[in-house]
Amino acid sequence: MNWRSERIWIELITGSRKTSNFCWALILFLGSLGFLLVGISSYLGKNFISFFPYQQIIFFPQGIVMSFYGIAGLFISSYLWCTISWNVGSGYDRFDRKKGLMCIFRWGFPGKKRRIFLRFFMKDIQSIRVEVKEGIYTRRVLFLYMEIRGQGAIPLICTDDNLTSREIEQKAAELAYFLHVPIQMN
């Protein structure tokens with residue numbers, strides 16, 4: 001949900017609670033649990049998974065390797081589940097023409113600096129920059145940056161599964177019009 005008026009623009013940022021992250025965390029958890037169960041069943045000599053007879057997998061070296069992959073996968077899966085539950089990366093961008101302030105708020109990892117809050121004067125915004133990077137398998141990845149005097153480039157949006165390049169460019173044009181600044185294409 002985004003909100004816009006003549007003087008205020010609020011853009012909500014999703015963060016790590018995306019459908020793709022849920023899917024990857026679940027697939028990784030189930031796969032690594034399977035690897036770990038096969039490794040344990042080869043060690044104990046019991047069938048924990050019926051379609052993998054423990055006699056076919058010798059504990060040394062296959063069972064050890066599968067147990068290692070299972071444990072490593074569970075650690076990575078738990079990391080993904082933690083970032084999803086903490087909603088790392090979510091927040092908002094607020095542009096207030098009446099006060100002349102721009103605020104960027106994001107949630108980070110737990111700790112003393114979990115809340116990331118940046119505040120700038122709107123008069124210090126020099127431009128909106130759209131940067132195109134070629135990704136894997138010739139997929140274009142678009143980034144939306146804000147050039148701020150004395151601070152450099154502040155990232156606002158990276159394309160995800162929901163936004164097309166045309167929508168990012170449209171959003172950049174609307175934001176540049178709202179802020180009365182030029183657009184740079186790289």
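- Ion pairing between E6 and R97 fails under the 4.0 Å rule for side-chain N and carboxylate O.
- The number of heavy atoms from other shown groups lying within 6.0 Å of CZ (F60) does not exceed 12.
- At least one donor-acceptor pair closer than 3.5 Å links the side chain of S16 to the backbone N or O of T83.
- Here the CD atom belonging to E169 is positioned 14.0 Å from the CD1 atom belonging to I128, to the nearest 0.5 angstrom.
- Rounded to the nearest 0.5 Å, atoms CD1 (I57) and CD1 (I64) are 13.0 Å apart.
- Under the 3.5 Å distance criterion, the side-chain polar atoms of R94 are left unmatched by any main-chain donor or acceptor of M102.
- Hydrophobic clustering of Ile, Leu, Val, Met, Phe, Trp and Tyr side chains at less than 4.5 Å, counting indirect connections, unites I84 with L30.
- Expressed to the nearest 0.5 Å, how far OG of S90 lies from NZ of K18 amounts to 11.0 Å.
- Linking Ile, Leu, Val, Met, Phe, Trp and Tyr whenever their side-chain heavy atoms come within less than 4.5 Å leaves I58 and M66 in two separate clusters.
- Contact between S85 and C82 at its shortest, heavy atoms only, is OG-O, 3.0 Å.
- E11 and N2 get closest at one heavy-atom pair: OE2-ND2, 3.2 Å.
- Residues F35 and L80 are members of separate hydrophobic clusters, defined by side-chain heavy-atom contacts under 4.5 angstrom among Ile, Leu, Val, Met, Phe, Trp and Tyr.
- Taking the side chain as every heavy atom from C-beta outward, K46 and S41 never approach each other to under 4.5 Å.
- The neighbour count for F22 CZ, taken as heavy atoms of other residues, nucleotides or ligands under 6.0 Å away, is above 12.
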Practice item. Any chance you could lay out the side chain to side chain contact (heavy atoms under 4.5 Å, CB included) test for M146 and I148, step after step, and finish with the verdict? Key: CA-CA 6 Å; M146 184 175 306; I148 298 182; 4.1 Å; yes
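- Counting heavy-atom neighbours within 6.0 Å of F105 CZ, excluding the residue itself, gives a total above 12.
- Placement of L33 and L44 within a single hydrophobic cluster is found when ILVMFWY residues are connected by side-chain heavy-atom separations under 4.5 Å, directly or transitively.
- Between the side chain of S78 and the backbone N or O of L74 there is at least one donor-acceptor pair closer than 3.5 Å.
- F109 has its ring centre no less than 6.0 Å from the ring centre of W107.
- By the 6.0 Å contact criterion, CZ on F48 is enclosed, its count of non-hydrogen atoms from other residues, nucleotides or ligands being greater than 12.
- A salt bridge links E131 with R129: the closest approach of a Lys/Arg side-chain nitrogen to an acidic carboxylate oxygen falls below 4.0 angstrom.
- Considering OG of S127 and CG of L179, their distance stands at 10.5 Å, rounded to 0.5 Å.
- A25 and S77 get closest at one heavy-atom pair: O-OG, 3.4 Å.
- Checking each of I8, I104, L175, I10 against F95 for a side chain to side chain contact (heavy atoms under 4.5 Å, CB included) leaves exactly one that passes, namely L175.
- For L26 against W81, the heavy-atom pair with the smallest separation is N-CZ2, 3.7 Å.
- Under a 4.0 Å N-O distance rule, the pair E174/R4 qualifies as a salt bridge.
- Linking Ile, Leu, Val, Met, Phe, Trp and Tyr residues whenever their side-chain heavy atoms come within less than 4.5 Å leaves L101 and L118 in two separate clusters.
- Taking 4.5 Å as the limit, every side-chain heavy atom of Y92 sits out of range of all side-chain heavy atoms of R106.
- Of all heavy-atom pairs between I183 and A173, the closest is CD1-CA, 3.4 Å.
- The two atoms that bring I13 and G89 nearest to each other are CG2-O, 3.6 Å, heavy atoms only.
- When the salt bridge (Lys or Arg N to Asp or Glu O under 4.0 Å) test is applied to D96, no partner is found at least two apart in sequence or on another chain.
- How far CD1 of I71 is from CD1 of I76: 12.5 Å, rounded to the nearest 0.5 Å.
- When side chains are defined from C-beta on, Y69 does not count as touching L36, because their heavy atoms never get closer than 4.5 Å.
- Here SG of C103 is found 9.5 Å from CG of D93. Values are rounded to the nearest 0.5 Å.
- In this structure, the side chain of R7 does not engage the main chain of K98 through any donor-acceptor pair within 3.5 Å.
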